[in-house]
Amino acid sequence: MPEAVDPLEFRRVMGHFPTGVSVLTTVDEGKRHGMTANSLTSVSIEPVMILACLTRGARTALAIQTAGHFAVNILADHQEDVSRRFAKPGQDHFEGLDVIDGHRGIPLLPGCLAYLVCNVDDVVQAGDHDIVLGNVEACEMSSNGGNPLVFFQGGYRTLPGMRSLG
Ligand SMILES: Cc1cc2nc3c(=O)[nH]c(=O)nc-3n(C[C@H](O)[C@H](O)[C@H](O)COP(=O)(O)O)c2cc1C
(Lines give C-alpha, C1' and ligand atoms only; values in the text may rest on other atoms or scores of the structure.)
Protein backbone atom coordinates (compact mmCIF):
# COMPACT_ATOMS: atom_id res chain seq x y z
CA MET A 1 0.00 0.00 0.00
CA PRO A 2 1.38 3.43 -0.82
CA GLU A 3 1.54 5.82 2.14
CA ALA A 4 -1.53 7.99 2.62
CA VAL A 5 -1.13 11.47 1.15
CA ASP A 6 -0.76 14.19 3.78
CA PRO A 7 -3.70 16.64 3.31
CA LEU A 8 -1.44 19.64 3.97
CA GLU A 9 1.03 18.45 1.36
CA PHE A 10 -1.90 17.92 -1.03
CA ARG A 11 -2.98 21.54 -0.45
CA ARG A 12 0.55 22.78 -1.07
CA VAL A 13 0.85 20.75 -4.28
CA MET A 14 -2.55 21.90 -5.58
CA GLY A 15 -1.53 25.47 -4.74
CA HIS A 16 0.75 25.27 -7.79
CA PHE A 17 -2.34 25.27 -9.98
CA PRO A 18 -3.28 28.96 -10.28
CA THR A 19 -6.94 29.88 -10.34
CA GLY A 20 -9.12 32.93 -10.64
CA VAL A 21 -11.17 33.98 -7.64
CA SER A 22 -14.95 34.25 -7.48
CA VAL A 23 -17.58 35.07 -4.89
CA LEU A 24 -20.72 32.94 -4.99
CA THR A 25 -23.80 34.82 -3.82
CA THR A 26 -27.37 33.80 -3.18
CA VAL A 27 -30.50 34.91 -1.39
CA ASP A 28 -32.38 32.42 0.74
CA GLU A 29 -35.68 33.42 2.40
CA GLY A 30 -34.72 37.09 2.02
CA LYS A 31 -31.26 36.68 3.57
CA ARG A 32 -28.15 37.32 1.47
CA HIS A 33 -25.21 34.92 1.61
CA GLY A 34 -21.84 34.89 -0.12
CA MET A 35 -18.57 33.01 -0.08
CA THR A 36 -15.23 33.23 -1.82
CA ALA A 37 -14.63 30.23 -4.09
CA ASN A 38 -11.84 29.28 -6.47
CA SER A 39 -13.08 25.77 -7.28
CA LEU A 40 -15.16 27.11 -10.13
CA THR A 41 -15.01 25.13 -13.38
CA SER A 42 -16.79 25.31 -16.68
CA VAL A 43 -18.41 21.88 -17.26
CA SER A 44 -20.56 21.79 -20.39
CA ILE A 45 -21.40 23.96 -23.38
CA GLU A 46 -24.68 22.31 -24.42
CA PRO A 47 -26.29 22.84 -22.02
CA VAL A 48 -24.16 25.54 -20.46
CA MET A 49 -23.09 24.31 -17.02
CA ILE A 50 -20.53 25.07 -14.36
CA LEU A 51 -19.53 23.48 -11.07
CA ALA A 52 -18.09 24.56 -7.75
CA CYS A 53 -16.82 22.35 -4.91
CA LEU A 54 -18.21 23.60 -1.60
CA THR A 55 -17.39 22.52 1.94
CA ARG A 56 -20.27 20.31 3.06
CA GLY A 57 -22.47 22.05 5.61
CA ALA A 58 -20.86 25.48 5.23
CA ARG A 59 -23.30 28.36 5.64
CA THR A 60 -23.38 29.69 2.09
CA ALA A 61 -23.11 26.21 0.59
CA LEU A 62 -26.30 25.23 2.44
CA ALA A 63 -28.06 28.46 1.43
CA ILE A 64 -27.22 27.86 -2.24
CA GLN A 65 -28.68 24.38 -2.09
CA THR A 66 -31.83 25.53 -0.27
CA ALA A 67 -32.40 28.54 -2.52
CA GLY A 68 -31.66 26.52 -5.65
CA HIS A 69 -29.99 29.52 -7.31
CA PHE A 70 -26.70 31.35 -7.07
CA ALA A 71 -24.60 33.94 -8.83
CA VAL A 72 -20.90 33.79 -9.64
CA ASN A 73 -19.02 37.09 -9.35
CA ILE A 74 -15.61 36.81 -11.04
CA LEU A 75 -13.22 39.11 -9.20
CA ALA A 76 -10.91 41.67 -10.77
CA ASP A 77 -7.37 42.28 -9.52
CA HIS A 78 -8.44 45.30 -7.43
CA GLN A 79 -10.86 43.16 -5.37
CA GLU A 80 -8.57 41.30 -2.96
CA ASP A 81 -10.44 42.99 -0.09
CA VAL A 82 -13.72 41.58 -1.43
CA SER A 83 -12.22 38.08 -1.57
CA ARG A 84 -10.96 38.39 2.02
CA ARG A 85 -14.31 39.72 3.22
CA PHE A 86 -16.24 36.77 1.77
CA ALA A 87 -13.74 34.20 3.06
CA LYS A 88 -14.20 35.16 6.72
CA PRO A 89 -16.36 32.53 8.41
CA GLY A 90 -19.23 33.54 10.65
CA GLN A 91 -19.55 37.16 9.50
CA ASP A 92 -22.30 39.14 7.81
CA HIS A 93 -20.36 39.40 4.58
CA PHE A 94 -22.63 42.11 3.15
CA GLU A 95 -22.47 44.62 6.00
CA GLY A 96 -21.74 48.08 4.57
CA LEU A 97 -21.32 46.74 1.04
CA ASP A 98 -23.07 48.16 -2.04
CA VAL A 99 -24.60 45.48 -4.24
CA ILE A 100 -26.45 45.33 -7.55
CA ASP A 101 -29.84 43.61 -7.60
CA GLY A 102 -29.29 40.82 -10.10
CA HIS A 103 -31.42 38.24 -11.90
CA ARG A 104 -33.84 36.54 -9.43
CA GLY A 105 -32.92 39.18 -6.81
CA ILE A 106 -29.50 37.63 -6.20
CA PRO A 107 -26.96 40.26 -5.07
CA LEU A 108 -24.13 40.98 -7.52
CA LEU A 109 -20.91 42.70 -6.46
CA PRO A 110 -19.99 45.88 -8.36
CA GLY A 111 -16.63 46.07 -10.13
CA CYS A 112 -16.31 42.39 -11.09
CA LEU A 113 -15.00 41.18 -14.45
CA ALA A 114 -18.00 38.97 -15.20
CA TYR A 115 -21.14 37.48 -13.72
CA LEU A 116 -23.16 34.29 -14.11
CA VAL A 117 -26.51 33.37 -12.59
CA CYS A 118 -27.24 29.66 -12.25
CA ASN A 119 -29.87 27.29 -10.97
CA VAL A 120 -28.69 24.25 -9.07
CA ASP A 121 -28.93 21.24 -11.37
CA ASP A 122 -27.45 18.60 -9.07
CA VAL A 123 -25.32 18.17 -5.97
CA VAL A 124 -22.84 15.30 -5.89
CA GLN A 125 -21.17 14.32 -2.62
CA ALA A 126 -17.40 13.98 -2.91
CA GLY A 127 -15.37 13.41 0.24
CA ASP A 128 -15.89 16.35 2.60
CA HIS A 129 -17.16 18.62 -0.20
CA ASP A 130 -20.30 18.82 -2.32
CA ILE A 131 -19.92 19.34 -6.05
CA VAL A 132 -22.66 21.81 -6.94
CA LEU A 133 -23.57 21.67 -10.63
CA GLY A 134 -25.27 24.76 -11.99
CA ASN A 135 -27.20 25.44 -15.18
CA VAL A 136 -26.23 28.89 -16.40
CA GLU A 137 -29.36 31.03 -16.80
CA ALA A 138 -27.60 34.30 -17.58
CA CYS A 139 -24.05 35.54 -17.97
CA GLU A 140 -22.36 38.80 -18.88
CA MET A 141 -18.98 40.52 -18.93
CA SER A 142 -18.29 43.95 -17.53
CA SER A 143 -17.89 46.54 -20.26
CA ASN A 144 -14.95 48.03 -18.31
CA GLY A 145 -12.74 44.98 -18.86
CA GLY A 146 -9.81 44.59 -16.47
CA ASN A 147 -7.49 41.87 -15.22
CA PRO A 148 -8.37 38.93 -12.96
CA LEU A 149 -7.49 38.38 -9.33
CA VAL A 150 -5.34 35.21 -9.20
CA PHE A 151 -4.82 32.75 -6.33
CA PHE A 152 -1.50 30.85 -6.42
CA GLN A 153 0.51 29.03 -3.73
CA GLY A 154 -1.87 30.23 -1.02
CA GLY A 155 -1.61 33.93 -1.91
CA TYR A 156 -3.23 36.57 -4.07
CA ARG A 157 -1.45 37.52 -7.30
CA THR A 158 -2.02 39.73 -10.25
CA LEU A 159 -0.90 38.83 -13.73
CA PRO A 160 2.34 40.58 -14.62
CA GLY A 161 1.00 41.33 -18.07
CA MET A 162 -1.81 40.23 -20.31
CA ARG A 163 0.49 39.47 -23.25
CA SER A 164 -0.76 36.45 -25.20
CA LEU A 165 1.80 33.67 -25.76
CA GLY A 166 0.08 32.21 -28.79
C1 LIG B 1 -9.07 32.21 -2.40
C2 LIG B 1 -10.09 31.38 -1.65
C3 LIG B 1 -10.81 30.40 -2.31
C4 LIG B 1 -11.77 29.62 -1.65
N5 LIG B 1 -12.44 28.68 -2.36
C6 LIG B 1 -13.36 27.90 -1.72
C7 LIG B 1 -14.08 26.90 -2.46
O8 LIG B 1 -13.91 26.74 -3.67
N9 LIG B 1 -14.97 26.14 -1.77
C10 LIG B 1 -15.21 26.29 -0.43
O11 LIG B 1 -16.03 25.56 0.14
N12 LIG B 1 -14.56 27.26 0.29
C13 LIG B 1 -13.65 28.06 -0.32
N14 LIG B 1 -12.99 29.03 0.38
C15 LIG B 1 -13.33 29.23 1.79
C16 LIG B 1 -14.64 30.01 1.98
O17 LIG B 1 -14.63 31.25 1.27
C18 LIG B 1 -14.89 30.33 3.48
O19 LIG B 1 -14.95 29.13 4.21
C20 LIG B 1 -16.14 31.18 3.73
O21 LIG B 1 -16.15 31.62 5.05
C22 LIG B 1 -17.42 30.41 3.53
O23 LIG B 1 -18.51 31.33 3.75
P24 LIG B 1 -19.72 30.92 4.72
O25 LIG B 1 -19.13 30.91 6.10
O26 LIG B 1 -20.74 31.99 4.53
O27 LIG B 1 -20.18 29.58 4.27
C28 LIG B 1 -12.02 29.83 -0.27
C29 LIG B 1 -11.30 30.83 0.41
C30 LIG B 1 -10.35 31.59 -0.27
C31 LIG B 1 -9.60 32.67 0.47
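Numbering of ligands and ligand atoms starts at 1, following listing order. Throughout, residue positions are numbered sequentially from 1 according to the sequence presented. In what follows, every heavy atom counts, from backbone to side chain, and hydrogens, waters and symmetry copies are set aside.
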Without hydrogens or angle criteria, can the side chains of [X] and [Y] be said to hold a donor-acceptor pair below 3.5 Å?
X: Thr25; Y: Asn73; answer: yes
X: Asp130; Y: Gln125; answer: no
X: Arg85; Y: His93; answer: no

Closest contact, heavy atoms only, Leu75 versus Cys112: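 Closest pair (atom of Leu75, atom of Cys112, distance): CD2-SG, 3.8 Å.
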
Those protein residues which place at least one heavy atom below 4.0 Å from ligand 1: Gly34, Met35, Thr36, Ala37, Asn38, Ser39, Cys53, Leu54, Thr55, Ala58, Arg59, Thr60, Phe86, Ala87, Lys88, Pro89, His93, Phe151, Tyr156

Joint cluster assignment, Val23 & Ile106, ILVMFWY side-chain distance < 4.5 Å: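 Unlinked, Val23 and Ile106 end up in two clusters.
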
Separation of Phe70 CZ from Thr60 OG1 (nearest 0.5 Å): 12.5 Å

